[in-house]
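This report refers to the structure that appears directly beneath it.
In this text, all values refer to a predicted model and were calculated from it rather than measured experimentally.
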Amino acid sequence: MTQHSEPDPGAPTLDQARRQIARYGLAAQADPQAVLVAARLMAAGARIGQAGEVHFGRFGLSTGRYRLLSDLEDHGGEKSPSQLAASLGVSRATVTGLVDGLERQGLVARRPSTEDGRGNVVILTARGAEKLRDLAPEHFARMQALVGGLSVEERATFLDLLARVVAGIDALTAD
């Protein structure tokens, strides 16, 4: 049985979407429901992003720092900054900032690349691996609780729908 809870009180409504579309004379071109879904998804993404920062802050990390540590762990504990930027979907400058902070915490280290003598690689330190192990039980319990209101079937459907929405992200960023 599917349960529908009330949306966040501050979330956009279908009536708001209809009014905005009418205000701009776009009733013939814009589907209020599609606009509402996109607006709520963006609002939910922002709230989840903020909650993620609070969550990882408990462990002395940010979402970006956690993602970098996890990516290193998933790839044998070593990657170049450009590989990290590509896999995390961020700029090299962002990776540099994340690595700087993690290095100060002793969770990663830089060392010269054996493949490219001019470049460096980022390695996960023993302390970094320990940090990931220590936070794993609480982290994964909270991640599971985040989607705890969804059945297994609903989660599978959600993953499919989410992949299709992500495939449309270029609609927002294309020139």
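Follow the hydrophobic side-chain contacts under 4.5 Å out from L146 and you reach L150 in the same cluster. Residues L69 and F59 share a single hydrophobic cluster, defined by chaining ILVMFWY side chains whose heavy atoms lie under 4.5 Å apart. Hydrophobic clustering (ILVMFWY, side-chain heavy atoms < 4.5 Å, transitive): V95 and I123 are in distinct clusters. Both L132 and F140 are part of a single hydrophobic cluster, where members link through side-chain heavy atoms under 4.5 Å apart. Side-chain heavy atoms closer than 4.5 Å link hydrophobic residues (I, L, V, M, F, W, Y) into clusters, and following such links, possibly through other members, connects I21 to Y24.
At least one side-chain heavy atom of D170 sits less than 4.5 Å from a side-chain heavy atom of T173. The shortest side-chain heavy-atom distance between V165 and V37 does not fall under the 4.5 Å cut-off. Within the 4.5 Å cutoff, the side chain of L68 has heavy atoms near those of the L84 side chain. Contact of the L135 side chain with the Y66 side chain is registered, since non-hydrogen atoms from C-beta on lie closer than 4.5 Å. Counting only heavy atoms from C-beta outward, the side chains of T96 and V99 never approach each other to under 4.5 Å.
In this structure, CG in D31 is found 12.5 Å from CG in L26, a value given to the nearest 0.5 Å. Going from atom CZ of R67 over to atom CG of L88 covers 5.0 Å, rounded to the nearest 0.5 Å. Here the straight-line distance linking atom OG1 of T63 with atom CD of Q50 works out to 11.0 Å at 0.5 Å rounding.
Q83 places a side-chain N or O within 3.5 Å of a backbone atom of S80 that can act as its donor or acceptor partner. Of the possible polar contacts, one joining the T157 side chain to the E153 backbone as a donor-acceptor pair under 3.5 Å is found. The main-chain N or O of G119 is never found under 3.5 Å from a side-chain atom of S113 such that the two would form a donor-acceptor pair. Side chain of R40 to backbone of P12: a donor-acceptor contact under 3.5 angstrom is found. Under a 3.5 Å cut-off, the side chain of E73 and the backbone N or O of S70 do not form any donor-acceptor pair. R111 contributes no side-chain N or O that, together with a main-chain N or O of V121, makes up a donor-acceptor pair within less than 3.5 Å.
Between V35 and A17, the closest heavy-atom pair is CG1-CB, 4.4 Å. Across all non-hydrogen atoms, the minimal contact from L98 to S62 is CD2-OG, 4.3 Å. The two residues G106 and T125 come nearest to each other via the heavy atoms O-OG1, 2.7 Å.
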- Evaluate the salt bridge (charged side-chain N to carboxylate O under 4.0 Å, His left out) criterion for residues D160 and R164: first the C-alpha distance (whole Å), next the side-chain angles of each, then the deciding distance (0.1 Å), finally the verdict. CA-CA 6 Å; D160 176 59; R164 289 192 267 163; 2.7 Å; yes
- For H55 and R58, what are the C-alpha separation, side-chain angles and deciding distance, and is it a side chain to side chain contact (heavy atoms under 4.5 Å, CB included)? CA-CA 6 Å; H55 169 64; R58 288 181 184 98; 3.5 Å; yes
- Applying side chain to side chain contact (heavy atoms under 4.5 Å, CB included), run through V122 and K79 and close with a yes or a no. CA-CA 5 Å; V122 180; K79 265 188 159 179; 5.7 Å; no
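The neighbour count for Q33 CD, taken as heavy atoms of other residues, nucleotides or ligands under 6.0 Å away, does not exceed 12. Other residues, nucleotides and ligands place no more than 12 heavy atoms under 6.0 Å from the CZ atom of R47. Dense packing is recorded around CD of Q29, with more than 12 heavy atoms of other residues, nucleotides or ligands lying under 6.0 Å away.
Side chain to side chain, R127 and Q105 fail the donor-acceptor criterion of an N or O pair below 3.5 Å.
Ring centroid separation for the pair F56 and H139 comes in under the 6.0 Å cut-off.
Remark: D100 engages R110 in a salt bridge, criterion side-chain N to carboxylate O under 4.0 Å. Using a 4.0 Å cut-off between charged side-chain N and carboxylate O, K131 and D134 make no salt bridge.
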